[in-house]
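In what follows, a structure is listed as structure tokens, so that the remarks can point back to it.
Within every chain, numbering begins at 1; the chains are lettered A, B, ... in the order of the sequence lines, protein sequences first and strands thereafter.
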Number of protein chains: 2
Amino acid sequence: MNQRLPVQGAQGDLLRLVATGKAESRADLARLSGLAASSVSLRVEELLDAGLLAEEGSGTSRGGRRPRLLRLSETAGVLAVADLGAHHVRLGLLDLSGAPLVIEERPCEIADGPRATLDRIADAFDALLAEHVPAPVPLRGIGTGIPGPVDPLTLRVVTPSRMPGWNDFPVAEHLATRYDLPILVENDANLMAAGETRCWPDRRNLMVVKAGTGIGCGVVVNGRLHRGRGAAGDISHVRVRSDSSVICACGHPDCLEAYASGAALMAALSEAGIPVTRTGDIVGLVNDAIPEATSLVRNAGRRIGEVLTVLVNFFNPDVVAVGGSLSAAEPLITSIRAAVWERCLPLATRDLEVAPARAGRDAALLGAGALLLEAALT
Amino acid sequence: MNQRLPVQGAQGDLLRLVATGKAESRADLARLSGLAASSVSLRVEELLDAGLLAEEGSGTSRGGRRPRLLRLSETAGVLAVADLGAHHVRLGLLDLSGAPLVIEERPCEIADGPRATLDRIADAFDALLAEHVPAPVPLRGIGTGIPGPVDPLTLRVVTPSRMPGWNDFPVAEHLATRYDLPILVENDANLMAAGETRCWPDRRNLMVVKAGTGIGCGVVVNGRLHRGRGAAGDISHVRVRSDSSVICACGHPDCLEAYASGAALMAALSEAGIPVTRTGDIVGLVNDAIPEATSLVRNAGRRIGEVLTVLVNFFNPDVVAVGGSLSAAEPLITSIRAAVWERCLPLATRDLEVAPARAGRDAALLGAGALLLEAALT
DNA sequence: CTCACTTCCTTCGATATCGAAGATAAGCCG
DNA sequence: CGGCTTATCTTCGATATCGAAGGAAGTGAG
């Protein structure tokens with residue numbers, strides 16, 4: 001069953017606070033929402049009656065009466081989210097708070113084109129719903145992550161590399177023919193940033209770097225995802241300083257990704273007689289103290305760090321989180337940190353954290369859940 | 001007479017829309033504010049009664065009845081703003097819409113220290129008020145621009161260069177001993193960005209570069225000034241690619257400002273036997289087609305542009321506005337453009353405007369007025 | 001010239017929210 | 001153990017805002 005969230009005005013604001021885990025009682029809601037306690041009481045009553053919230057037990061006293069705890073109702077609804085890669089898709093169902101109900105990975109070739117790929121994803125959603133969700137629990141929204149830029153105004157994919165047929169394809173419209181629900185279409189690095197943000201409470205400005213086969217970055221400003229024109233955060237084609245000159249796949253010389261991406265490291269290792277089939281294997285080599293691997297990863301971290309220094313000076317983020325399959329290599333993080341600390345202004349790095357990403361491999365799906373909840377409540 | 005603006009809730013929202021020139025009638029206010037026409041009518045009546053708004057004539061019909069035009073009342077109040085330089089201060093009085101009533105420049109040595117400098121500015125404010133403002137018109141706020149980083153949480157100056165005695169000085173607290181009013185303390189590049197934003201309607205993401213004796217940049221994200229930790233937008237110490245190596249005043253090699261700042265250009269011209277005393281004179285030399293000057297300015301533009309390409313890819317702004325005393329040199333702008341267009345992603349530069357700043361020499365004061373109005377209405 | 005439609009602004013009853021007061025149940029101190 | 005303070009949540013009258021309807025004054029077509 002598909003059904004949009006039946007809330008309006010202050011109800012949505014309150015539901016959001018409970019769904020995101022920020023509030024657990026009426027008193028919490030009054031403190032966080034700015035509404036008077038009487039207004040909160042009335043609106044919560046409506047959400048309880050609508051089956052969106054439920055009461056469950058009592059909280060701890062803060063010196064007065066114990067609060068009655070509120071939680072998202074199990075019948076509040078689910079969100080269907082997918083994160084598309086070149087050769088596979090990771091997809092699943094989340095409850096409105098973003099907690100996974102089921103997540104799975106399936107083979108899927110993005111080169112098959114958008115219609116076939118999106119229909120296969122929708123079929124998978126329907127199968128998961130039938131298998132895992134009781135009939136009275138409604139589907140409230142659909143979210144998809146795309147490995148290319150997405151124009152935030154038109155929600156169309158924009159000149160993606162290695163994705164034939166996807167340019168200018170209206171992903172949201174296509175999915176809307178099948179679901180009359182809020183639909184999210186977003187770049188995967190942006191989803192990853194949205195997911196990572198949930199792991200850094202009280203931080204409003206983050207950069208989430210994806211160090212994988214490619215290099216990407218998502219940006220969160222004042223707690224909100226910054227999309228720009230759909231290409232915001234792109235650092236892969238920044239020109240780095242180099243004694244030699246390497247032509248990037250994009251045609252320009254000396255792009256960051258020509259030196260520091262997982263693909264570039266794999267090529268360099270193959271040339272050194274160390275064949276690697278997946279970027280994740282590079283981490284294993286580093287852990288085994290293979291000198292060539294460690295040196296390459298360290299060099300990649302230094303280069304990424306040099307690019308990040310420009311951005312950290314400019315943006316003054318609270319956090320630089322590094323994810324992606326290379327991020328488990330500790331020399332990558334330490335050399336990024338060294339480069340950032342060496343060249344950044346002291347004020348720009350005051351209280352800055354450069355750390356491995358916390359959200360794990362499903363950051364993009366969790367990010368999709370968070371953004372979709374927001375879309376559903378607006 | 002000092003008096004805070006006596007508005008609350010929706011009154012402030014409506015006053016802001018009239019003061020910023022976005023609305024001129026009740027119908028405009030209803031469209032822009034989201035309030036019902038009946039609510040707008042009631043609140044406007046209160047603002048008229050409070051002497052903050054006035055009615056004046058009729059507007060043009062849009063097919064139905066002509067609207068009654070609203071404007072800021074002359075008795076609504078004034079704002080006192082100042083922009084501090086190393087050797088002078090530019091200060092004046094603005095009305096609540098930001099229109100200058102009087103602006104003047106006075107000699108002032110920042111090296112005299114904060115107390116003496118700020119007291120002198122306050123004395124100047126008081127003199128301007130006595131001379132130019134009728135007694136019933138209240139002062140509603142004080143704004144000051146500082147040529148160094150300002151911590152947005154503490155409103156203290158942070159490790160400014162060449163400003164002895166100013167580090168960690170609580171500028172706002174000092175001024176508050178004299179004025180019980182909203183007080184703004186902000187970095188001058190940020191004020192310039194706030195002022196420039198008003199000249200680019202419907203643009204929400206801007207970078208405002210100041211190419212003067214030094215190099216600075218202000219950043220506006222989603223229509224709001226981005227301060228970061230107080231150092232956001234700083235591009236002067238980004239390391240640029242170079243065949244040689246020049247040590248910057250900060251101690252690091254190859255900072256942007258060691259190559260591309262007005263001070264650096266002046267030094268290079270002196271070495272070429274062309275003595276220059278003010279960065280503004282470089283523009284004259286370029287206009288006279290002195291080859292050394294044009295070459296230096298073009299090279300500076302290219303370097304600034306190279307740094308900007310990283311930031312444009314990352315941030316995807318709508319506008320890059322270039323101000324400061326060097327910005328009148330056309331080769332500077334054209335070589336910035338060339339560098340940006342050459343290396344940026346097509347999506348990042350789609351609809352981007354790289355242009356001379358429009359706000360003129362008082363951008364910082366106008367920016368102070370805009371931010372101060374916001375402070376007064378919050 | 002008249003009539004129908006549009007736009008602006010006001011009036012009024014309905015609805016949402018505020019703020020004060022009160023009920024209930026905690027914790028803490030003497 | 002009792003009294004006082006604190007915290008949570010509810011009740012109720014006051015206030016802000018909404019939404020519908022209406023009055024006034026425009027415009028344009030027939």
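- For the residue pair A/L372 and A/L184, the shortest heavy atom distance occurs at CD1-CB, 3.8 Å.
- Atom pair A/R66:CZ and C/dC28:P shows a separation of 11 Å (rounding to whole Å applied).
- In this structure, A/A27 reaches the sugar-phosphate backbone alone: every heavy-atom distance under 4.0 Å involves primed, P, OP1 or OP2 atoms, never a base.
- B/A30 comes within contact range of no nucleotide atom at all, as no heavy-atom separation falls under 4.0 Å.
- Proximity of a side-chain donor or acceptor of A/R140 to a complementary backbone N or O of A/R4 within less than 3.5 Å is detected.
- B/Q8 places its CD atom 12 Å from the C1' atom of C/dC18, with the value rounded to the nearest Å.
- An OP1 or OP2 oxygen of C/dC8 is reached within less than 4.0 angstrom by a side-chain nitrogen or oxygen of B/R62.
- A donor-acceptor contact shorter than 3.5 Å is absent between the side chain of A/N187 and the backbone of A/V150.
- In terms of position on DNA chain C, the residue among A/S58 and A/L42 whose nearest nucleotide sits closer to the 5' end is A/L42.
- Comparing atom distances between the B/S38 side chain and each of D/dC12, C/dC9, D/dC18 picks out D/dC18 as nearest.
- Residue contacts for B/G34: at a heavy-atom cut-off of 4.0 Å it reaches the sugar-phosphate backbone alone, with no base atom in range.
- At the phosphate of C/dC8, OP1 or OP2 sits under 4.0 Å from a side-chain N or O atom of B/R31.
- Comparing A/L69 and B/S61 by the nucleotide of DNA chain D whose heavy atom lies nearest to each, the residue mapping closer to the 5' end is A/L69.
- Nucleic acid contact class of B/L35 (heavy atoms, under 4.0 Å, all strands): sugar-phosphate only.
- Here D/dC9 is the nucleotide among C/dC9, D/dT27, D/dC9 with the atom lying nearest to any side-chain atom of A/R68.
- For C/dT24, its base sits under 3.5 Å from the side chain of A/R65 at one donor and acceptor pair at least.
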